[in-house]
K.L.:
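Take this structure first; my questions come after.
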Number of protein chains: 2
Amino acid sequence: MALGKDYATQECSIARALEIVGERWTLLVVRDALYGVRRYNDFLVHLGIPRAVLAARLQTLTAEGILEKRRYQESPPRDEYVLTERGIALWPTLRALGAWGREHFTDGRLRYFRHADCGTELGPYGECARCGTIVPVADVLMEPGPGLDPDPVDPISRALLKPRRLLEPMETDQA
Amino acid sequence: MALGKDYATQECSIARALEIVGERWTLLVVRDALYGVRRYNDFLVHLGIPRAVLAARLQTLTAEGILEKRRYQESPPRDEYVLTERGIALWPTLRALGAWGREHFTDGRLRYFRHADCGTELGPYGECARCGTIVPVADVLMEPGPGLDPDPVDPISRALLKPRRLLEPMETDQA
DNA sequence: ACGCTCGGTTCGATGACTGAACCTATCGTC
DNA sequence: GACGATAGGTTCAGTCATCGAACCGAGCGT
(Lines give C-alpha, C1' and ligand atoms only; values in the text may rest on other atoms or scores of the structure.)
Protein backbone atom coordinates (compact mmCIF):
# COMPACT_ATOMS: atom_id res chain seq x y z
CA MET A 1 0.00 0.00 0.00
CA ALA A 2 2.88 2.27 -0.77
CA LEU A 3 0.74 5.00 -2.16
CA GLY A 4 1.45 8.64 -1.39
CA LYS A 5 -0.80 8.27 1.55
CA ASP A 6 -0.84 5.30 3.83
CA TYR A 7 -3.22 4.80 6.68
CA ALA A 8 -0.64 6.11 9.12
CA THR A 9 -2.94 8.46 10.94
CA GLN A 10 -5.36 5.67 11.67
CA GLU A 11 -4.78 4.29 15.10
CA CYS A 12 -6.70 1.21 14.39
CA SER A 13 -5.92 -2.42 13.93
CA ILE A 14 -8.31 -2.60 10.99
CA ALA A 15 -6.25 0.01 9.21
CA ARG A 16 -3.04 -1.82 10.07
CA ALA A 17 -4.47 -5.02 8.68
CA LEU A 18 -5.61 -3.30 5.51
CA GLU A 19 -2.18 -1.86 4.92
CA ILE A 20 -0.95 -5.41 4.66
CA VAL A 21 -3.75 -7.33 3.00
CA GLY A 22 -5.80 -4.46 1.59
CA GLU A 23 -4.16 -4.24 -1.78
CA ARG A 24 -5.80 -5.51 -4.89
CA TRP A 25 -5.52 -9.31 -5.34
CA THR A 26 -3.87 -9.89 -1.98
CA LEU A 27 -6.81 -11.50 -0.20
CA LEU A 28 -7.55 -13.62 -3.24
CA VAL A 29 -4.03 -14.97 -3.13
CA VAL A 30 -4.54 -15.87 0.52
CA ARG A 31 -7.88 -17.46 -0.32
CA ASP A 32 -6.26 -19.63 -2.96
CA ALA A 33 -3.52 -20.56 -0.52
CA LEU A 34 -6.21 -21.72 1.91
CA TYR A 35 -7.72 -23.76 -0.90
CA GLY A 36 -4.39 -25.53 -1.25
CA VAL A 37 -2.72 -23.62 -4.07
CA ARG A 38 1.01 -23.31 -3.53
CA ARG A 39 2.78 -22.71 -6.81
CA TYR A 40 3.38 -19.57 -8.76
CA ASN A 41 1.91 -20.94 -11.92
CA ASP A 42 -1.20 -22.26 -10.25
CA PHE A 43 -1.92 -18.89 -8.67
CA LEU A 44 -1.28 -17.28 -12.02
CA VAL A 45 -3.70 -19.38 -14.00
CA HIS A 46 -6.42 -19.67 -11.40
CA LEU A 47 -6.49 -15.99 -10.49
CA GLY A 48 -5.84 -14.52 -13.92
CA ILE A 49 -3.57 -12.03 -12.21
CA PRO A 50 -0.77 -10.22 -14.07
CA ARG A 51 2.57 -11.94 -13.48
CA ALA A 52 4.30 -8.86 -12.13
CA VAL A 53 1.52 -8.24 -9.61
CA LEU A 54 1.56 -11.85 -8.45
CA ALA A 55 5.31 -11.72 -7.93
CA ALA A 56 4.95 -8.51 -5.92
CA ARG A 57 2.14 -9.92 -3.78
CA LEU A 58 3.95 -13.16 -3.06
CA GLN A 59 6.96 -11.16 -2.00
CA THR A 60 5.16 -8.85 0.40
CA LEU A 61 3.07 -11.69 1.81
CA THR A 62 6.29 -13.59 2.44
CA ALA A 63 7.94 -10.52 3.95
CA GLU A 64 4.99 -10.05 6.30
CA GLY A 65 5.14 -13.62 7.47
CA ILE A 66 1.85 -14.67 5.93
CA LEU A 67 3.36 -17.02 3.38
CA GLU A 68 6.55 -18.98 3.61
CA LYS A 69 8.66 -19.68 0.56
CA ARG A 70 9.84 -23.23 0.63
CA ARG A 71 11.94 -25.30 -1.73
CA TYR A 72 10.21 -28.50 -2.61
CA GLN A 73 12.64 -29.86 -5.15
CA GLU A 74 16.22 -29.14 -6.00
CA SER A 75 16.52 -29.93 -9.63
CA PRO A 76 15.19 -27.92 -11.21
CA PRO A 77 14.96 -25.65 -8.18
CA ARG A 78 11.33 -25.00 -7.43
CA ASP A 79 9.77 -23.14 -4.55
CA GLU A 80 6.26 -23.19 -3.21
CA TYR A 81 4.43 -20.71 -1.05
CA VAL A 82 2.78 -22.11 2.05
CA LEU A 83 0.59 -20.31 4.55
CA THR A 84 2.04 -19.68 7.97
CA GLU A 85 0.05 -19.57 11.21
CA ARG A 86 -0.42 -15.89 10.63
CA GLY A 87 -1.78 -16.54 7.18
CA ILE A 88 -4.10 -19.28 8.33
CA ALA A 89 -5.41 -16.84 10.92
CA LEU A 90 -6.98 -14.88 8.09
CA TRP A 91 -9.56 -17.62 7.57
CA PRO A 92 -12.20 -16.04 9.82
CA THR A 93 -11.89 -12.78 7.91
CA LEU A 94 -12.24 -14.48 4.56
CA ARG A 95 -15.09 -16.59 5.86
CA ALA A 96 -16.94 -13.48 7.09
CA LEU A 97 -16.29 -11.63 3.86
CA GLY A 98 -17.44 -14.57 1.79
CA ALA A 99 -20.56 -15.02 3.87
CA TRP A 100 -21.39 -11.36 3.39
CA GLY A 101 -20.79 -11.53 -0.35
CA ARG A 102 -22.88 -14.64 -0.71
CA GLU A 103 -25.71 -13.28 1.37
CA HIS A 104 -25.95 -9.98 -0.45
CA PHE A 105 -24.51 -10.31 -3.91
CA THR A 106 -24.52 -13.90 -5.13
CA ASP A 107 -27.34 -16.08 -6.32
CA GLY A 108 -26.85 -19.79 -6.35
CA ARG A 109 -24.59 -21.56 -3.93
CA LEU A 110 -21.06 -21.75 -5.26
CA ARG A 111 -19.47 -23.75 -2.48
CA TYR A 112 -20.36 -25.42 0.75
CA PHE A 113 -18.10 -25.47 3.76
CA ARG A 114 -18.68 -28.27 6.22
CA HIS A 115 -17.24 -29.63 9.41
CA ALA A 116 -15.31 -32.64 8.16
CA ASP A 117 -16.00 -34.62 11.35
CA CYS A 118 -19.78 -34.47 11.17
CA GLY A 119 -20.73 -33.03 7.78
CA THR A 120 -22.62 -30.09 9.23
CA GLU A 121 -22.47 -26.94 7.18
CA LEU A 122 -20.50 -24.14 8.81
CA GLY A 123 -22.26 -21.12 10.25
CA PRO A 124 -21.29 -17.58 9.29
CA TYR A 125 -18.46 -17.50 11.81
CA GLY A 126 -16.96 -20.79 10.74
CA GLU A 127 -18.57 -22.63 13.61
CA CYS A 128 -20.24 -26.02 13.63
CA ALA A 129 -23.70 -25.65 15.12
CA ARG A 130 -23.95 -29.34 15.89
CA CYS A 131 -20.64 -29.71 17.68
CA GLY A 132 -20.84 -26.23 19.13
CA THR A 133 -17.25 -25.43 18.29
CA ILE A 134 -15.24 -23.22 16.03
CA VAL A 135 -13.96 -25.58 13.37
CA PRO A 136 -10.18 -25.61 12.89
CA VAL A 137 -9.19 -24.66 9.38
CA ALA A 138 -7.76 -28.07 8.60
CA ASP A 139 -11.11 -29.67 9.50
CA VAL A 140 -13.10 -27.63 7.05
CA LEU A 141 -14.35 -29.58 4.08
CA MET A 142 -15.04 -27.60 0.93
CA GLU A 143 -17.54 -28.90 -1.59
CA PRO A 144 -18.70 -27.49 -4.91
CA GLY A 145 -22.22 -26.11 -5.04
CA PRO A 146 -24.76 -26.15 -7.86
CA GLY A 147 -23.99 -22.62 -8.99
CA LEU A 148 -20.40 -23.45 -9.80
CA ASP A 149 -19.34 -23.45 -13.42
CA PRO A 150 -15.62 -24.15 -13.62
CA ASP A 151 -13.20 -22.97 -16.23
CA PRO A 152 -12.32 -26.13 -18.19
CA VAL A 153 -8.83 -24.99 -19.10
CA ASP A 154 -7.86 -24.29 -15.51
CA PRO A 155 -6.66 -27.38 -13.65
CA ILE A 156 -7.14 -25.68 -10.27
CA SER A 157 -10.72 -24.92 -11.09
CA ARG A 158 -11.26 -28.56 -11.99
CA ALA A 159 -9.48 -29.83 -8.92
CA LEU A 160 -11.84 -27.77 -6.78
CA LEU A 161 -14.77 -29.80 -8.10
CA LYS A 162 -13.89 -32.59 -5.74
CA PRO A 163 -14.58 -32.19 -2.04
CA ARG A 164 -11.35 -31.13 -0.40
CA ARG A 165 -10.11 -30.03 2.95
CA LEU A 166 -8.74 -26.56 3.31
CA LEU A 167 -4.95 -26.34 3.25
CA GLU A 168 -4.68 -29.73 1.59
CA PRO A 169 -2.05 -29.25 -1.10
CA MET A 170 -3.10 -29.44 -4.73
CA GLU A 171 -1.79 -32.22 -6.89
CA THR A 172 -1.46 -30.42 -10.14
CA ASP A 173 0.76 -32.96 -11.78
CA GLN A 174 -1.76 -35.62 -12.65
CA ALA A 175 -4.56 -33.14 -13.23
CA MET B 1 -12.92 -1.80 -8.80
CA ALA B 2 -13.23 -0.65 -12.37
CA LEU B 3 -9.68 -1.43 -13.28
CA GLY B 4 -8.80 -3.03 -16.61
CA LYS B 5 -9.28 -6.34 -14.95
CA ASP B 6 -12.04 -7.12 -12.53
CA TYR B 7 -12.41 -10.35 -10.67
CA ALA B 8 -14.91 -11.59 -13.22
CA THR B 9 -13.42 -14.99 -13.71
CA GLN B 10 -13.57 -15.71 -10.02
CA GLU B 11 -16.64 -17.68 -9.18
CA CYS B 12 -16.42 -16.86 -5.56
CA SER B 13 -18.38 -14.80 -3.11
CA ILE B 14 -15.17 -13.49 -1.62
CA ALA B 15 -14.22 -12.05 -4.98
CA ARG B 16 -17.70 -10.57 -5.39
CA ALA B 17 -17.43 -8.95 -1.99
CA LEU B 18 -14.01 -7.56 -2.76
CA GLU B 19 -15.24 -6.01 -5.95
CA ILE B 20 -17.55 -3.92 -3.83
CA VAL B 21 -15.64 -3.20 -0.64
CA GLY B 22 -12.12 -4.08 -1.75
CA GLU B 23 -11.08 -0.67 -2.98
CA ARG B 24 -8.75 1.52 -1.04
CA TRP B 25 -10.44 3.37 1.85
CA THR B 26 -13.79 1.68 1.40
CA LEU B 27 -13.69 -0.55 4.47
CA LEU B 28 -12.38 2.30 6.57
CA VAL B 29 -15.38 4.37 5.57
CA VAL B 30 -17.63 1.53 6.66
CA ARG B 31 -15.70 1.21 9.91
CA ASP B 32 -16.20 4.89 10.64
CA ALA B 33 -19.86 4.55 9.82
CA LEU B 34 -20.11 1.77 12.38
CA TYR B 35 -18.41 4.05 14.86
CA GLY B 36 -21.19 6.55 14.32
CA VAL B 37 -19.70 8.90 11.74
CA ARG B 38 -22.32 10.12 9.30
CA ARG B 39 -21.23 13.37 7.71
CA TYR B 40 -19.00 14.06 4.77
CA ASN B 41 -16.80 16.43 6.69
CA ASP B 42 -16.39 14.08 9.63
CA PHE B 43 -15.28 11.24 7.37
CA LEU B 44 -12.95 13.65 5.65
CA VAL B 45 -11.17 14.87 8.74
CA HIS B 46 -11.09 11.61 10.61
CA LEU B 47 -9.86 9.50 7.71
CA GLY B 48 -7.55 12.02 6.10
CA ILE B 49 -8.89 10.81 2.75
CA PRO B 50 -8.76 12.95 -0.40
CA ARG B 51 -12.09 14.68 -0.97
CA ALA B 52 -12.59 13.28 -4.45
CA VAL B 53 -11.98 9.73 -3.26
CA LEU B 54 -14.39 10.14 -0.36
CA ALA B 55 -17.09 11.44 -2.67
CA ALA B 56 -16.56 8.49 -5.00
CA ARG B 57 -16.65 5.94 -2.16
CA LEU B 58 -19.78 7.40 -0.61
CA GLN B 59 -21.44 7.24 -3.98
CA THR B 60 -20.61 3.63 -4.74
CA LEU B 61 -21.42 2.53 -1.19
CA THR B 62 -24.78 4.24 -1.55
CA ALA B 63 -25.32 2.68 -4.96
CA GLU B 64 -24.58 -0.78 -3.57
CA GLY B 65 -27.04 -0.33 -0.75
CA ILE B 66 -24.46 -0.26 2.01
CA LEU B 67 -25.03 3.35 2.96
CA GLU B 68 -28.17 5.39 2.67
CA LYS B 69 -28.08 9.09 1.93
CA ARG B 70 -30.56 10.88 4.10
CA ARG B 71 -31.47 14.51 4.51
CA TYR B 72 -31.28 15.57 8.11
CA GLN B 73 -31.99 19.26 7.74
CA GLU B 74 -33.57 21.37 5.06
CA SER B 75 -31.96 24.73 5.42
CA PRO B 76 -29.23 24.64 4.50
CA PRO B 77 -29.86 21.26 2.88
CA ARG B 78 -27.59 18.71 4.50
CA ASP B 79 -27.38 14.97 3.97
CA GLU B 80 -25.90 12.27 6.11
CA TYR B 81 -24.82 8.77 5.22
CA VAL B 82 -26.24 6.01 7.39
CA LEU B 83 -25.47 2.31 7.27
CA THR B 84 -28.15 0.01 5.96
CA GLU B 85 -28.72 -3.56 7.11
CA ARG B 86 -26.35 -4.64 4.41
CA GLY B 87 -23.71 -2.28 5.69
CA ILE B 88 -24.17 -3.31 9.30
CA ALA B 89 -23.70 -6.90 8.14
CA LEU B 90 -20.08 -6.07 7.44
CA TRP B 91 -19.38 -5.87 11.17
CA PRO B 92 -18.23 -9.49 11.50
CA THR B 93 -15.78 -8.99 8.66
CA LEU B 94 -14.34 -5.85 10.18
CA ARG B 95 -14.25 -7.46 13.57
CA ALA B 96 -12.31 -10.44 12.20
CA LEU B 97 -9.95 -8.22 10.27
CA GLY B 98 -9.33 -6.01 13.27
CA ALA B 99 -8.74 -8.99 15.53
CA TRP B 100 -6.19 -10.32 13.08
CA GLY B 101 -4.44 -6.97 12.77
CA ARG B 102 -4.32 -6.52 16.51
CA GLU B 103 -3.06 -10.03 17.14
CA HIS B 104 -0.28 -9.88 14.60
CA PHE B 105 0.67 -6.29 13.95
CA THR B 106 -0.28 -4.03 16.82
CA ASP B 107 1.26 -3.63 20.20
CA GLY B 108 -0.77 -2.03 22.92
CA ARG B 109 -4.53 -2.25 23.03
CA LEU B 110 -6.14 0.53 21.07
CA ARG B 111 -9.77 -0.21 21.79
CA TYR B 112 -11.90 -2.62 23.72
CA PHE B 113 -15.19 -3.96 22.47
CA ARG B 114 -17.57 -5.19 25.11
CA HIS B 115 -21.04 -6.57 25.43
CA ALA B 116 -22.96 -3.56 26.70
CA ASP B 117 -25.33 -5.73 28.75
CA CYS B 118 -22.69 -7.41 30.87
CA GLY B 119 -19.37 -5.66 30.22
CA THR B 120 -17.62 -8.79 28.98
CA GLU B 121 -15.04 -8.23 26.31
CA LEU B 122 -15.99 -9.62 22.93
CA GLY B 123 -14.30 -12.69 21.55
CA PRO B 124 -12.70 -12.77 18.13
CA TYR B 125 -16.00 -13.49 16.42
CA GLY B 126 -17.89 -10.73 18.16
CA GLU B 127 -19.42 -13.12 20.65
CA CYS B 128 -19.91 -12.71 24.38
CA ALA B 129 -18.35 -15.65 26.15
CA ARG B 130 -20.37 -15.05 29.30
CA CYS B 131 -23.77 -14.78 27.67
CA GLY B 132 -22.88 -17.31 25.01
CA THR B 133 -24.37 -15.25 22.22
CA ILE B 134 -23.30 -13.28 19.20
CA VAL B 135 -23.66 -9.69 20.31
CA PRO B 136 -25.86 -7.53 18.07
CA VAL B 137 -23.98 -4.58 16.66
CA ALA B 138 -26.03 -2.04 18.55
CA ASP B 139 -25.14 -3.74 21.84
CA VAL B 140 -21.41 -3.45 21.32
CA LEU B 141 -19.74 -0.94 23.59
CA MET B 142 -16.49 0.53 22.33
CA GLU B 143 -13.97 1.86 24.82
CA PRO B 144 -10.58 3.45 24.31
CA GLY B 145 -7.56 1.40 25.29
CA PRO B 146 -4.24 2.49 26.76
CA GLY B 147 -2.41 2.48 23.44
CA LEU B 148 -4.67 5.11 21.97
CA ASP B 149 -3.21 8.53 21.28
CA PRO B 150 -5.85 10.69 19.62
CA ASP B 151 -5.31 13.50 17.17
CA PRO B 152 -6.19 16.64 19.17
CA VAL B 153 -7.39 18.61 16.16
CA ASP B 154 -9.85 15.91 15.11
CA PRO B 155 -13.19 16.11 16.91
CA ILE B 156 -14.09 12.55 15.89
CA SER B 157 -10.90 11.24 17.39
CA ARG B 158 -11.71 13.04 20.62
CA ALA B 159 -15.30 11.89 20.65
CA LEU B 160 -14.07 8.29 20.43
CA LEU B 161 -12.32 8.71 23.77
CA LYS B 162 -15.60 8.25 25.56
CA PRO B 163 -17.18 4.81 25.69
CA ARG B 164 -19.78 4.64 22.97
CA ARG B 165 -22.07 2.12 21.41
CA LEU B 166 -21.55 1.20 17.80
CA LEU B 167 -23.89 2.97 15.38
CA GLU B 168 -24.66 5.68 17.93
CA PRO B 169 -24.55 8.89 15.92
CA MET B 170 -21.77 11.39 16.63
CA GLU B 171 -22.62 14.76 18.02
CA THR B 172 -20.03 16.86 16.31
CA ASP B 173 -21.66 20.20 17.00
CA GLN B 174 -20.72 20.70 20.62
CA ALA B 175 -17.38 18.97 20.28
C1' DA C 1 -22.11 42.96 1.47
C1' DC C 2 -18.81 39.92 3.62
C1' DG C 3 -16.96 36.02 5.22
C1' DC C 4 -17.80 31.30 6.89
C1' DT C 5 -19.12 26.36 6.63
C1' DC C 6 -20.58 22.31 4.31
C1' DG C 7 -20.37 19.37 0.53
C1' DG C 8 -18.80 18.75 -3.10
C1' DT C 9 -16.12 19.07 -8.44
C1' DT C 10 -11.99 19.92 -11.31
C1' DC C 11 -7.33 19.29 -12.53
C1' DG C 12 -2.39 18.25 -13.00
C1' DA C 13 1.09 15.11 -11.04
C1' DT C 14 2.22 10.76 -9.24
C1' DG C 15 2.06 6.01 -8.71
C1' DA C 16 -0.16 1.32 -9.18
C1' DC C 17 -2.04 -2.07 -12.26
C1' DT C 18 -2.28 -4.31 -16.84
C1' DG C 19 -0.80 -7.07 -20.67
C1' DA C 20 2.62 -8.46 -23.52
C1' DA C 21 7.25 -9.53 -24.39
C1' DC C 22 11.42 -11.24 -22.85
C1' DC C 23 14.71 -14.05 -19.94
C1' DT C 24 17.08 -17.98 -17.46
C1' DA C 25 17.54 -22.54 -15.85
C1' DT C 26 16.41 -27.16 -16.25
C1' DC C 27 14.17 -31.10 -18.02
C1' DG C 28 12.61 -34.70 -21.55
C1' DT C 29 13.00 -36.22 -26.08
C1' DC C 30 14.79 -37.24 -30.31
C1' DG D 1 23.40 -32.23 -28.47
C1' DA D 2 19.76 -29.47 -30.72
C1' DC D 3 14.79 -28.64 -29.71
C1' DG D 4 10.91 -27.53 -27.40
C1' DA D 5 8.42 -27.19 -23.09
C1' DT D 6 7.84 -25.67 -18.31
C1' DA D 7 8.42 -22.99 -14.06
C1' DG D 8 9.28 -18.73 -12.26
C1' DG D 9 10.18 -14.83 -12.83
C1' DT D 10 11.76 -9.39 -14.86
C1' DT D 11 11.10 -5.43 -17.96
C1' DC D 12 8.49 -2.04 -20.20
C1' DA D 13 5.05 1.06 -22.24
C1' DG D 14 0.27 2.43 -21.65
C1' DT D 15 -3.69 3.07 -18.83
C1' DC D 16 -6.20 3.94 -14.80
C1' DA D 17 -6.73 5.24 -9.85
C1' DT D 18 -5.24 8.07 -6.28
C1' DC D 19 -3.36 12.38 -4.31
C1' DG D 20 -3.35 17.15 -2.98
C1' DA D 21 -4.56 21.56 -3.89
C1' DA D 22 -7.57 24.76 -5.92
C1' DC D 23 -11.98 26.09 -7.05
C1' DC D 24 -17.14 26.41 -6.63
C1' DG D 25 -21.98 27.27 -5.04
C1' DA D 26 -25.62 27.32 -1.74
C1' DG D 27 -27.01 29.00 2.42
C1' DC D 28 -26.14 30.81 6.56
C1' DG D 29 -24.81 34.86 10.45
C1' DT D 30 -23.69 39.65 11.15
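As the structure is a computational prediction, the values presented were derived from the model and not from experiment. Protein chains get the first letters and strands the later ones, always in sequence-line order, with residue 1 at the start of each.
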K.L.:
Give the rounded distance in Å between these two atoms: CD1 of B/I49 and P of D/dA17.
P.N.:
15 Å
K.L.:
As a test of reading the structure: which of C/dC17, D/dT11, C/dT5 is closest to the side chain of B/R78, going by heavy atoms?
P.N.:
C/dT5
K.L.:
Checking A/R57 against A/T26: is there a side-chain donor and acceptor pair closer than 3.5 Å?
P.N.:
yes
K.L.:
Whole Å only: how far is the CD atom of A/E80 from the P atom of D/dG9?
P.N.:
12 Å
K.L.:
Show every ring pair (Phe, Tyr, Trp, His ring centres under 6.0 Å) that has at least one partner inside residues 113-138 of chain B, sequence neighbours left out.
P.N.:
B/W91-B/F113
K.L.:
Under the 6.0 Å and 45° cation-pi test, does B/R51 pair with B/F43?
P.N.:
no
K.L.:
Distance from A/L148 atom CG to A/L160 atom CG, nearest 0.5 Å?
P.N.:
8.0 Å
K.L.:
For B/D79, enumerate each residue passing the salt bridge (charged side-chain N to carboxylate O under 4.0 Å, His left out) test, keeping only those at least two apart in sequence or located in another chain.
P.N.:
B/R71
K.L.:
Want to settle it: does A/D79 or A/A52 sit nearer the 5' end of DNA chain D, counting the closest nucleotide to each?
P.N.:
A/D79
K.L.:
Can you tell which of C/dC6, C/dT18, C/dC17 lies closest to the side chain of A/R57?
P.N.:
C/dC17
K.L.:
Under 4.0 Å between a side-chain N or O of B/Y81 and OP1 or OP2 of C/dG8?
P.N.:
yes
K.L.:
At their closest point, which heavy atom of B/T84 faces which heavy atom of B/G65, and how far apart are they?
P.N.:
OG1-O, 2.5 Å
K.L.:
Picking from D/dT18, D/dG8, D/dA22, which would you name as closest to the side chain of B/W25?
P.N.:
D/dT18
K.L.:
Measure CG/A/L54 against P/D/dT10 and give the value in whole Å, please.
P.N.:
11 Å
K.L.:
Please report the distance, rounded to the nearest Å, between CG in A/L44 and P in C/dA21.
P.N.:
15 Å
K.L.:
Measure from the side-chain heavy atoms of A/A55 and tell me the nearest of C/dC6, D/dT10, D/dT18.
P.N.:
D/dT10
K.L.:
For the pair made of CG in B/L47 and C1' in D/dG20, what is the distance, rounded to whole Å?
P.N.:
16 Å
K.L.:
For B/Y40 and C/dT9, give me the distance from atom OH to atom P, rounded to whole Å.
P.N.:
7 Å
K.L.:
Has the side chain of A/R51 got a donor or acceptor that lies under 3.5 Å from a partner of the other kind on the base of D/dG8?
P.N.:
yes
K.L.:
Using a 6.0 Å distance limit plus a 45 degree cone around the ring axis, check whether B/R165 lies over the aromatic ring of B/Y35.
P.N.:
no
K.L.:
Within the structure shown, what part of the strands sits under 4.0 Å from B/V53 by heavy-atom distance: base, sugar-phosphate, or nothing?
P.N.:
sugar-phosphate
K.L.:
If I take atom CD in residue A/Q59 and atom P in nucleotide D/dT10, what distance separates them, rounded to the nearest angstrom?
P.N.:
7 Å
K.L.:
Looking only at side-chain N and O atoms, does A/N41 come under 4.0 Å of OP1 or OP2 in D/dG8?
P.N.:
no
K.L.:
When the distance from CG of B/L58 to P of C/dT9 is rounded to whole Å, what number comes out?
P.N.:
10 Å
K.L.:
Pull out every residue in residues 69-77 of chain B that has a heavy atom closer than 4.0 Å to any atom of DNA chain D, ordered by number, or say none.
P.N.:
B/S75, B/P76, B/P77
